[in-house]
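Structure first, then comments.
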Amino acid sequence: MTVYGIAPTSDEVEVAIFGPGYGEAIAIHLGEGRWFLVDSCLNPATKQPATAEYLDSFGVCATQVKGIVASHWHDDHVKGLSSLVKKYPAAEFFLSGVFNAKESLSFLAAYSGQLSSGVNGGASELFSVISSLNHYQMLVDRKTVFDDQINGHSVVITALSPLSSMLGQAYAHFAQYLAKKDGSINNAPPAVQPNLEAVVLHVDLGYDAILLGADLEDHLTGGWSAVVNDSWVQKRRRSSIYKVAHHGSVTGHHDDIWSRLLSAKPVACMTPFNKGRVHLPTVADVVRIKQLASATYLSSPAAKKSTLNRQQLSRLQSVCRSVSALNSGFGLIRMRKKVTEADWRVECFGDAKLV
Amino acid sequence: MGASLNTIIDFNKIDIDHTKNMAKGIYFVESLRAKALELDHSASTNTCESEVVESFFKPRKIATKPLPVVRSNEIVNTFAAPLEVWEGTVVHVEKDFMEVSLDSKTHQVAKHLAEIDFELVVPQDRDLVKPGAVFYLSFYEKRVNGSMRYAKELRFRRLPSWSASQIARINAEAEVLLKKFKVPPTAV
């Protein structure tokens, strides 16, 4: 088990970004022992939610977690979320505003696994979460997630997306996969492309800021282009830490994120995404981001050595063109800073590293 | 209640004992005949048992002539033991192969990614090859006429379409979830 050292001090802000080969989770210490969680992933070694294990290692009480945000419903961002919500009952739960419609909630109910056996994934996990809660909050652009005085500073967390104007498009997408009595086979539904439903968060600490890009992609009408062109967004405090959107992919890139929302040469952090033929970030992505950031970190660089024994591997190879293990690495990028400090102190745990 | 060998047998209802008997080399039809006689006897004294008989010999259509005795060595002398079963999910479909993720149901190993040619997919399952479709890839050891062989099978899960009651339940659950949410304040 990874040793994470000592907890942040009361006057220290911390951003902890966890990432196995497939998944992402973020824990933020806002100060004075108050924590905020974004998304959830499992530690591959223990199969437990990474953020819960981390907070347990510091002895953080359940009441210290003030909020949990599910940036979107894809299973690489919500695995173990139901356990997190159960463990921190005092935390307010937020999810993307695209679920503020009967179409999208019917979609979650249909693919929850209760009626369609074997269909697992993000829809199932998110359905489990919101079914267990008495109330939850939906986020669209400009909605306030957290607003309080901490260590003498006004700390405000605001959603920059999804844009209200593109919600109709999201509802239409979900409507395509609604349960119909038409004799069709009920497979797991594909994820919407591009991802315009993700919740981007801006954390204003009162003296610095953090931008959490979620998996928002660019699109002429609804994605990053619309976010960066919003004059209200442009007036937000510029961020010195950027959790790079959509695992560093070129589809999650927009030049104006770097020129309008971030300070010069911020610290960039990424989690990988490995599924099928898609491996993010690519070499080109890393090169592009390195040119824009002062330092670029990746939570778990691709390590795809198969763990199968020789017999198992040869059996699979007898029927498959190619076989590779899903990236089973796991790492944590941790950044800490006190009000009086100019720069973030970055530490890497597990497989995380500076790229 | 009579169970006749003239009845077409629903092979899905055959229990495991019969499968074992086949492996032991007992003629398939002979074992069915014995089972029929056994169930026939109990049917005369017990109503519940008669239901068992009915489900075992679910009549579909009556053959006009008695079925011939099958003496297939493949059926009679085959025994199979599973070595490994993978649950696969189709991630992406290309022209002649599919990209899949594989999760072992028999061993504690990491998930794997693979590309599988359509040649391995039986024709009856071809229509199911779509992203999100679930299949089972089984490797097993098969004894045929005394000699051991490795064998494999890839079968897709075929789900039924939604029923009217399921759709009603989904809509009701969506209504309940929709009532739970509240809107946070908007920044100005």
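Only this structure's heavy atoms are used, side chains among them; waters, hydrogens and symmetry mates stay out. Chain naming here is simple, since letters A, B, ... match the order of the sequence lines and numbering starts at 1 in each.
Most heavy-atom pairs under 4.5 Å with chain A, from the set I116(B), V176(B), L177(B): that is L177(B). No other option in V140(A), L108(A), I130(A) has as many heavy-atom pairs under 4.5 Å with chain B as I130(A). Contact count against chain A (heavy-atom pairs under 4.5 Å) is highest for N171(B) among L120(B), V90(B), N171(B). Interface remark: of the candidates A159(A), S106(A), S104(A), S318(A), S106(A) forms the most heavy-atom pairs closer than 4.5 Å to chain B.
Residues forming a ring-ring contact (aromatic ring centres under 6.0 Å, His included) with F135(B) (at least two apart in sequence, or on another chain): F156(B). Residues that satisfy the salt bridge (Lys or Arg N to Asp or Glu O under 4.0 Å) test with D103(B), not counting sequence neighbours, are absent from this structure.
Side chain to side chain, E125(A) and S82(A) meet the donor-acceptor criterion of an N or O pair below 3.5 Å. Looking at D76(A) and H247(A), their side chains do bring a donor and an acceptor atom within 3.5 Å of each other. Inspection of the S164(A) and D141(A) side chains reveals an N or O donor paired with an N or O acceptor under 3.5 Å.
Side-chain atoms of R157(B) do not come within 3.5 Å of backbone N or O of Y136(B) as any donor-acceptor pair.
Heavy-atom distances place both the backbone and the side chain of Q312(A) under 4.5 Å from chain B. If you measure heavy-atom distances from L316(A) to chain B, the contacts under 4.5 Å come from both the backbone and the side chain. F127(A) touches chain B through its side chain: at least one heavy atom from C-beta onward sits under 4.5 Å away, while N, CA, C and O do not. Proximity to chain A is absent for every atom of L154(B), based on heavy atoms less than 4.5 angstrom apart. At a 4.5 Å heavy-atom cutoff, the contact between L178(B) and chain A is made by backbone and side-chain atoms alike.
Aromatic ring centres of F99(A) and F174(A) lie closer together than 6.0 Å.
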